[in-house]
Amino acid sequence: MENITKIEKKWRNKWEEENIYKFEFDDKKEKLYCLEMFSYPSGANLHMGHWWNYGVTDTWARLKRMQGYNVFHPMGFDAFGLPAENYAIKTGIHPKDSTNQNIKTMKKQLKNIGATYDWDYEINTSSPEYYKWTQWMFLKLYENNLAYKKEAPVNWCSSCNTVLANEQVINGECDRCQTTIERKEMSQWFFKITDYAEELLTSLDKLDWPDATKVLQRNWIGKSEGAFVNFKVDDYSFKVFTTRSDTLFGVTYCVLSPEHELALKITKPEYIEAVKKYQKEASIQSEIERTSTLKEKTGVFTGAYAINPVNNKKVPIYIADYVLSTYGTGAVMAVPAHDERDYEFAKKYNLDIIPVIESDTLPFMEDGKHINSEFLNGLNNIDAINKMNNYLKDNNLGEKTTNYRLRDWLVSRQRYWGSPIPIIYCETCGIVPVPEKDLPVVLPYDVEFTPDGESPLAKSDEFVNCKCPLCNKDAKREVDTLDTFVCSSWYFLRFLDANNNNEPFNKERINKIMPVDKYVGGIEHACMHLLYARFFTKALRDMGYLNFDEPFKSLVHQGIILGPDGEKMSKSRGNTVTPDPIVEKYGSDILRNYLMFGFNYIDGGPWTDDGITSINRFYKRVERLIDKHSQDKEIEKLEKVLHKTIKSVLEDLEEFQFNTSIARIMEYTNALSKYEEIPKYYLEQLLLLLAPFAPHITEELWSRLGNDFSIHNMNYPTYDASKVIENTFEIGVQVNGKLRASVNITDNISDEEIKEEVLKHENIIKYTKDKEIIKFIIVPKKIVSIVVK
RNA sequence: GCAGGUAUGGCGGAACUGGCAGACGCGCUAGACUUAGGAUCUAGUGGAGCAAUCCAUGCAGGUUCAAUUCCUGUUACCUGCACCA
């Protein structure tokens with residue numbers, strides 16, 4: 001198409017003037033909330049990934065619009081976060097200034113996609129109007145005992161002199177300077193996501209999400225059934241968590257993690273020094289060193305002995321770093337005969353190994369008959385566990401329990417560019433939440449944010465010093481900011497009421513439009529954003545602010561568009577492909593269509609330029625066909641093709657199979673091009689079919705056919721089932737599993753007639769004569785299979 | 001180590017619930033129209049073979065009248081988790 005850029009611009013302006021993508025709440029049509037993970041406003045232009053996620057999903061949203069849904073399709077910016085802050089440290093440009101500038105550019109670029117966003121619902125998480133309500137969320141969680149402060153180990157980079165978020169730790173190293181991350185104890189705020197572990201796990205089943213994603217979340221939550229067992233040591237006692245309480249008679253020692261609160265208390269005086277030394281060594285080890293499975297196990301004896309509650313045997317207690325303080329109780333009972341790790345440790349330190357399950361090998365982890373186990377002898381694994389758990393409970397020695405791998409969510413960040421945590425520390429009143437009426441706690445502009453290990457906000461006296469809301473004495477504000485994942489844990493709710501100044505969102509609105517019907521974004525968020533957002537939704541539900549259980553009913557992960565070399569696109573690799581030149585040359589519709597046609601949306605794949613010309617050629621062909629339009633009349637042959645096409649396109653689009661939908665429309669186009677003159681109706685149907693795929697081009701051609709603005713307000717084609725039915729079929733005939741012939745069969749003939757027809761076929765006669773027909777299988781409309789001997 | 005995923009022509013990729021493997025397109029070959037074509041149109045295009053036919057969905061088996069699809073084993077790559085007691 002000539003002047004494609006101009007044409008696209010013309011229609012975008014028209015759409016904006018006419019406000020055709022306006023979303024109205026009171027619409028009588030059925031609602032549909034289509035959402036892509038909102039964007040981080042980076043300085044550069046849109047990259048291929050943006051077009052891939054936003055352009056392609058918009059096609060689906062457009063289909064739904066044309067199918068008569070009241071589609072809510074918003075866009076906004078996840079604007080807080082480290083990149084802006086790091087950029088500021090490098091360039092001196094304030095994060096607020098660069099972010100706002102980036103949002104401006106990005107919004108302009110996003111508009112070039114020609115998507116159906118209603119920008120009246122735009123949000124920016126770094127604006128006080130937004131983070132006021134992020135802070136409100138924090139207060140509500142705090143009120144409901146779902147936010148608490150405690151001492152915790154965090155990721156510390158000694159070179160940047162700051163704490164890093166988990167997602168900034170790549171293979172145990174700082175993603176900025178590759179320094180090995182250390183652990184450091186700091187007082188931090190947490191959200192009690194573990195309260196929801198069970199529901200987060202079980203309600204996954206109901207969701208229309210990719211199985212792979214559910215598996216990731218399930219593993220992350222890591223439920224395991226087991227038991228607590230109490231071990232006494234002198235005047236103290238500690239609990240261990242075990243999934244194998246059936247092996248209790250095989251316990252030959254116990255291990256506490258170096259961080260265990262009893263570690264020093266139970267240690268005998270002559271061992272104190274060694275234990276302290278070991279603790280220190282463990283604490284300065286990096287997380288990778290500490291948790292490496294390759295590392296030889298180490299430990300130190302405490303001189304103390306614990307009493308095995310089932311047989312009152314004394315077993316030595318060790319401190320060893322192969323036991324993690326963050327899982328279970330931070331203490332384990334060791335059964336070297338039936339656990340590889342315990343076995344390795346026992347061998348090294350010459351500890352007893354007592355088999356309690358019959359086997360030829362050591363260590364043996366399979367099921368088997370119990371031995372050396374008094375009342376468990378002869379039982380298999382499951383029965384033994386049940387019997388033991390009952391015994392523990394009856395004798396008050398322990399109890400059955402469920403343990404989760406999931407940890408509470410650490411939300412404190414010692415960084416500047418984030419939402420301040422609305423908490424005040426008063427010497428008299430302690431921790432005091434900022435009263436709701438005082439929100440937002442505004443992030444001050446003039447702050448020294450070069451990282452030196454101290455939270456940047458701590459350096460702003462103006463920010464820190466305040467009055468206690470309860471006693472009005474001098475007090476100090478919390479100086480950490482919130483993890484940006486907090487901002488994105490509820491943005492899909494705010495979108496619906498983006499300009500509400502009185503509350504985070506209106507309850508009726510939320511309940512009317514939520515949940516999100518189709519959520520599209522990368523799988524990398526499986527165990528972070530997607531989990532956090534589910535937690536927020538459930539917490540808000542239990543507080544009475546909304547009445548649904550899950551935020552995202554149906555989820556799609558787009559694959560990744562790789563560089564032409566098959567590697568992930570990156571500046572350092574120099575394999576990035578930028579959309580801009582393609583958009584300039586061919587227009588945004590062509591880029592969008594190439595992305596849809598050239599790849600499977602779920603898989604992605606390496607970029608190639610070749611496909612661009614092919615899709616461009618296709619639309620040029622469509623344009624030429626439009627110019628061949630003639631008076632309307634029905635062509636029976638085309639009717640059939642058209643209705644079959646509509647059927648397939650609708651089915652494929654439902655599954656995000658854009659590539660095959662376009663292939664089907666190409667087939668329809670091929671059928672049309674057989675005609676010198678094409679009735680206008682069939683061309684209009686073609687344009688309507690293509691409208692969600694190529695909004696600009698179809699709008700232009702629609703008007704060229706003499707139709708009124710806008711094609712996007714038309715209904716999407718529907719098919720007539722009676723026209724899709726075939727009444728003749730060409731079906732294959734197999735003899736002994738090999739294809740030997742192909743026959744034409746009409747719809748309504750009997751199996752006997754089919755048999756007769758098939759056996760008349762020359763080639764079939766050849767393969768069946770002088771042979772006995774053992775089986776004659778007819779699969780209606782598909783195949784005939786003959787077995788001969 | 002554990003869990004999940006992927007593997008189909010020269011290339012991107014199709015194939016619903018087991019039913020004619022390779023839709024659609026790129027590329028390539030030949031031809032047409034052209035001053036020309038990197039435009040457009042027509043025909044062909046998985047491999048071998050003159051043909052009948054045979055061989056082909058990572059590899060090796062199995063189930064079945066029939067397997068890209070189901071089962072067992074195996075290889076390569078990708079992703080997540082990783083001393084989880």
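To find a chain, count down the sequence lines: A is the first, B the second, and so on, and within it residues start at 1. Since we're looking at a predicted model, the values are computed, not measured. Heavy-atom basis, side chains included; hydrogens, waters and symmetry copies ignored.
B:C24 and B:C78 have their C1' atoms separated by 27 Å, given to the nearest Å. Nucleotides B:C11 and B:G49 place their C1' atoms 26 Å apart, quoted to the nearest Å. For the P atoms, the distance linking B:U79 with B:C71 amounts to 26 Å, nearest Å. Nucleotides B:U57 and B:A67 place their C1' atoms 10 Å apart, quoted to the nearest Å. Here the separation of B:C16 from B:A7, taken at their P atoms, is 13 Å to the nearest Å. For the C1' atoms, the distance linking B:C59 with B:A76 amounts to 10 Å, nearest Å. Using atom C1' as the reference point in both B:C65 and B:G13, the two lie 31 Å apart (nearest Å). Nucleotides B:G22 and B:G27 place their P atoms 22 Å apart, quoted to the nearest Å.
Base engagement by A:Val779 is indicated by at least one non-hydrogen atom pair under 4.0 Å involving a base atom. At a threshold of 4.0 angstrom between heavy atoms, the contacts of A:Ile774 with the nucleic acid are absent. Heavy atoms of A:Asn670 sit under 4.0 angstrom from primed sugar atoms or phosphate atoms, though from no base atom. Within the 4.0 angstrom heavy-atom criterion, no nucleotide atom of any strand lies near A:Lys568. Among the atoms of the strands shown, none is found under 4.0 Å from any heavy atom of A:Lys789. Nucleic acid contact for A:Arg740: sugar-phosphate only, since backbone atoms but no base atoms lie under 4.0 Å from a heavy atom of the residue. Residue contacts for A:Ile777: at a heavy-atom cut-off of 4.0 Å it reaches a base atom on one of the strands shown. Counting any heavy atom pair closer than 4.0 Å across all strands shown, A:Val787 reaches sugar-phosphate atoms only and no base atom. At a threshold of 4.0 angstrom between heavy atoms, the contacts of A:Glu667 are confined to the sugar-phosphate backbone, with no base atom among them.
Residue A:Arg218 has no polar side-chain atom (N or O) positioned under 4.0 Å from OP1 or OP2 of B:C81. Between A:Lys766 and B:U53 there is a side-chain N or O to OP1 or OP2 distance below 4.0 Å. For B:C81, neither phosphate oxygen OP1 nor OP2 lies less than 4.0 angstrom from any side-chain nitrogen or oxygen of A:Tyr327. Within the structure, every side-chain polar atom (N or O) of A:Arg621 is placed at least 4.0 Å from both OP1 and OP2 of B:C24. When the side-chain nitrogen and oxygen atoms of A:Arg624 are compared with OP1 and OP2 of B:C41, one or more of them lie within a distance under 4.0 Å. OP1 or OP2 of B:U53 lies within a sub-4.0 Å distance of a side-chain N or O belonging to A:Asn763.
For the pair A:Thr242 and A:Ile615, nearest-nucleotide mapping onto RNA chain B gives the more 5' position to A:Ile615. Take the nearest nucleotide of RNA chain B for A:Gly732 and for A:Thr329: the residue whose nucleotide is more 5' is A:Gly732.
Glycosidic conformation of B:G9 is syn; the angle stays within 90° of 0.
Between the CZ atom of A:Arg405 and the P atom of B:C2 there is a distance of 17 Å, given to the nearest Å. We find that CZ of A:Phe238 is positioned 18 Å from P of B:A85, with the value rounded to whole Å. Spacing between atom CG of A:Leu216 and atom C1' of B:C81 amounts to 9 Å, rounded to whole angstrom units. Distance NZ (A:Lys214) to C1' (B:C81): 20 Å, rounded to an integer number of Å. Atom CG of A:Leu739 and atom P of B:C55 are 13 Å apart (whole Å). One atom, NZ of A:Lys738, and another, P of B:A66, lie 11 Å apart when rounded to the nearest Å. Between the CG atom of A:Asp565 and the C1' atom of B:C78 there is a distance of 16 Å, rounded to whole Å. Taking atom OH of residue A:Tyr619 and atom C1' of nucleotide B:G25, one finds them 14 Å apart after rounding to whole Å.
Between B:A85, B:A3, B:C24, one nucleotide has an atom nearer to the side chain of A:Val215 than all others, and that is B:A3. In this structure, of B:C81, B:A85, B:A3, it is B:A85 that holds the atom nearest to the side chain of A:Thr243. Considering only side-chain atoms of A:Val332, the nucleotide from B:G25, B:C83, B:A85 that sits closest is B:A85.
For the pair A:Glu726 and A:Lys644, the salt-bridge criterion is met [side-chain N within less than 4.0 Å of a carboxylate O]. A salt bridge is absent between A:Lys347 and A:Glu344; no separation between the charged side-chain nitrogens and carboxylate oxygens falls under 4.0 Å. Classification of A:Lys628 and A:Glu677 as a salt-bridged pair fails, no side-chain N sitting under 4.0 Å from a carboxylate O. The pair A:Lys755-A:Glu752 does not meet the salt-bridge criterion, since no charged nitrogen lies less than 4.0 angstrom from a carboxylate oxygen. Using a cutoff of 4.0 Å between basic side-chain nitrogens and carboxylate oxygens, A:Glu651 and A:Lys647 are scored as salt-bridged.
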Stepwise side-chain hydrogen bond (donor to acceptor under 3.5 Å, both in side chains) test for A:Arg621 and A:Asn616: CA-CA 9 Å; A:Arg621 220 167 143 216; A:Asn616 190 45; over 6 Å; no

Working for side-chain hydrogen bond (donor to acceptor under 3.5 Å, both in side chains), residues A:Thr669 and A:Tyr619: CA-CA 10 Å; A:Thr669 309; A:Tyr619 278 101; over 6 Å; no

Give me the distances for all protein-to-nucleotides 29-33 of chain B N/O pairs that come in under 3.5 Å?
none

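The strand RNA chain B forms stems, runs of 3 or more Watson-Crick or G-U wobble pairs with distances below 3.5 Å, at B:1-7 with B:75-81, B:10-12 with B:24-26, B:27-32 with B:40-45, B:46-48 with B:53-55, B:58-62 with B:70-74.
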B/S/- contact track for nucleotides 10-18 of chain B, protein heavy atom under 4.0 Å: --SSSSB--

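Between A:Phe301 and A:Tyr318, the two ring planes are tilted [angle within 30° to 60°].
Contact annotation: the side chain of A:Ile754 approaches that of A:Ile749 to within less than 4.5 Å [non-hydrogen atoms, C-beta and beyond].
For B:C65, the base has a donor-acceptor partner in the side chain of A:Ser785 [N/O atoms by modelled type, under 3.5 angstrom].
Aromatic ring centroids of A:Phe345 and A:Tyr322 lie under 6.0 Å apart. Under the 6.0 Å cut-off for aromatic ring centres, A:Trp52 and A:Tyr601 qualify, their centroids lying closer than that.
A cation-pi geometry, defined here as NZ or CZ lying under 6.0 Å from the six-membered ring centre and within 45° of its normal, holds between A:Arg405 and A:Trp220. Figure legend: A:Lys239 and A:Phe228 shown as a cation-pi pair, the cationic atom lying under 6.0 angstrom from the six-membered ring centre and within 45 degrees of its axis.
In this structure, A:Asn230 contributes its side chain and A:Leu397 its backbone to a donor-acceptor pair below 3.5 Å. Looking at A:Asp408, its side chain does come within 3.5 Å of a backbone N or O of A:Thr194 through a donor-acceptor pair.
Between A:Met37 and A:Gly521, the shortest heavy-atom distance links the atoms SD-CA, 3.5 Å.
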